[in-house]
Amino acid sequence: MPMAPMSSQCTKKETNRGAWTAEEDQKLAQVIEIHGPKRWKSVAAKAGLNRCGKSCRLRWMNYLRPNIKRGNISAQEEDLILRLHKLLGNRWSLIAGRLPGRTDNEIKNYWNSHLSKKVKQKEKQSRGLVAEESRPQNTKVKEMDFVEKRSEEGTSKGDEDSKFSHIEDGLFDCSSEGPLNLEWMSKFLEMDEDWLEFA
DNA sequence: AACAACCTCAACCGCATCAGA
DNA sequence: GTCTGATGCGGTTGAGGTTGT
């Protein structure tokens with residue numbers, strides 16, 4: 001699939017662009033099997049691929065990596081994405097990290113094509129329902145308050161990450177536990193509003 | 001059948017951050 | 001401390017597929 005002009009990092013020489021061929025995939029997978037998924041520039045060179053390292057990394061991460069699930073996002077996964085997005089915002093890589101076999105790109109695409117519409121619709125509906133109740137606070141508002149509170153305390157962009165750090169690094173970090181227990185995560189996320197209230 | 005409008009998703013871009021020299 | 005290249009991330013694009021007229 002031909003794309004726009006070359007990025008600055010791929011201008012040095014003529015590089016292949018657009019859709020990957022099966023042959024390219026095979027070459028890339030072979031080299032990564034031997035050398036591992038690092039030093040992408042040299043991986044591209046070793047594989048004899050006329051691709052920039054960035055492109056190879058993306059292809060590996062989103063398509064060739066082992067244990068990648070493709071398509072058919074289950075209702076449970078969808079629910080999890082919705083909850084995690086409510087909690088973390090557009091931090092796709094973090095959300096993907098909690099969904100074994102799913103990539104940030106896939107989740108981002110799924111969100112943009114399916115869930116964002118669903119959420120908007122839901123919001124519209126609930127807005128209509130709660131209009132009379134004049135209830136000013138929903139979870140999102142609470143979350144924004146929390147972020148604002150933190151920024152008042154002098155948190156910068158770098159510190160913004162730290163507002164999640166106790167979650168990410170502690171009880172929320174499942175990376176070391178092998179395959180994620182989705183049920184457990186869903187249950188945990190049921191606590192998200194309580195957590196935001198607490199924060 | 002033909003065309004338009006819409007949808008999906010692989011791939012690219014630009015920027016931020018990290019790591020090593 | 002600074003520079004530079006590598007890596008990672010979120011946003012965006014556009015080809016190809018699907019659906020509607």
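Because only heavy atoms are used, hydrogens play no part in the values below, and waters and symmetry mates are left out as well, while side chains stay in. Here the structure is a predicted model, which is why all the values come from computation and not from measurement.
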Starting at [atom1] of [X] and ending at [atom2] of [N], how long is that distance when rounded to a whole Å?
X      : N      : atom1 : atom2 : result
A/R17  : B/dA11 : CZ    : C1'   : 9 Å
A/N112 : C/dG14 : CG    : C1'   : 15 Å
A/K41  : C/dT4  : NZ    : P     : 14 Å
A/I95  : C/dG11 : CD1   : P     : 10 Å
A/R59  : B/dC12 : CZ    : C1'   : 14 Å
A/Y110 : B/dC9  : OH    : P     : 9 Å
A/L58  : C/dT13 : CG    : P     : 17 Å
A/W111 : C/dG11 : CH2   : C1'   : 15 Å

Just compare [options] and give me whichever is closest to any side-chain atom of [X].
X      : options               : answer
A/K108 : C/dG10, C/dT7, C/dG8  : C/dG10
A/S113 : B/dA11, C/dC9, B/dT8  : B/dT8
A/A19  : B/dT8, B/dA11, C/dG10 : B/dA11
A/R57  : C/dG11, B/dC12, C/dT7 : C/dT7
A/H114 : B/dA10, B/dC9, C/dG8  : B/dC9
A/K38  : C/dC9, C/dT7, B/dA10  : C/dT7
A/N109 : B/dC9, B/dC12, B/dT8  : B/dC9

OP1, OP2 of [N] versus side-chain N and O of [X]: anything below 4.0 Å?
X     : N      : value
A/W40 : C/dG5  : no
A/R91 : C/dG8  : no
A/R39 : C/dA6  : no
A/S55 : B/dA11 : no

Query raised in the report: Do NZ/NE/NH1/NH2 and the carboxylate oxygens of A/E77 and A/K69 come within less than 4.0 Å?
Result: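 Yes.
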Query raised in the report: Is the shortest heavy-atom distance from the side chain of A/H85 to the side chain of A/L115 under 4.5 Å?
Result: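 No, side chains not in contact.
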Requested in this report: Using modelled atom types only, decide if a donor and an acceptor are shared between the side chain of A/R59 and the backbone of A/S55 within a distance under 3.5 Å.
Outcome: no
Requested in this report: Kindly write out the residues that satisfy side-chain contact (heavy atoms from CB on, under 4.5 Å) with A/E24, not counting sequence neighbours, or none if the list is empty.
Outcome: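 A/N16, A/W20, A/T21, A/L49, A/R51.
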Report task. Pick base, sugar-phosphate or nothing for A/N90, based on heavy-atom distances below 4.0 Å to the nucleic acid. Result -> sugar-phosphate
Query raised in the report: Which is true for A/N105 with a 4.0 Å heavy-atom rule: it touches a base, it touches only sugar-phosphate, or it touches nothing?
Result: base
Requested in this report: State yes or no: do A/L94 and A/I68 share one hydrophobic cluster built from I, L, V, M, F, W and Y residues joined by side-chain heavy-atom distances below 4.5 Å, directly or via other members?
Outcome: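 The answer is no; the residues belong to distinct hydrophobic clusters.
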Requested in this report: If a pair satisfies side chain to side chain donor-acceptor pair (under 3.5 Å) and one of its residues is in residues 108-119 of chain A, list it, with sequence neighbours excluded.
Outcome: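 Checked against side chain to side chain donor-acceptor pair (under 3.5 Å) - neighbours excluded - the pairs reaching residues 108-119 of chain A are A/E78-A/Y110, A/E78-A/K118.
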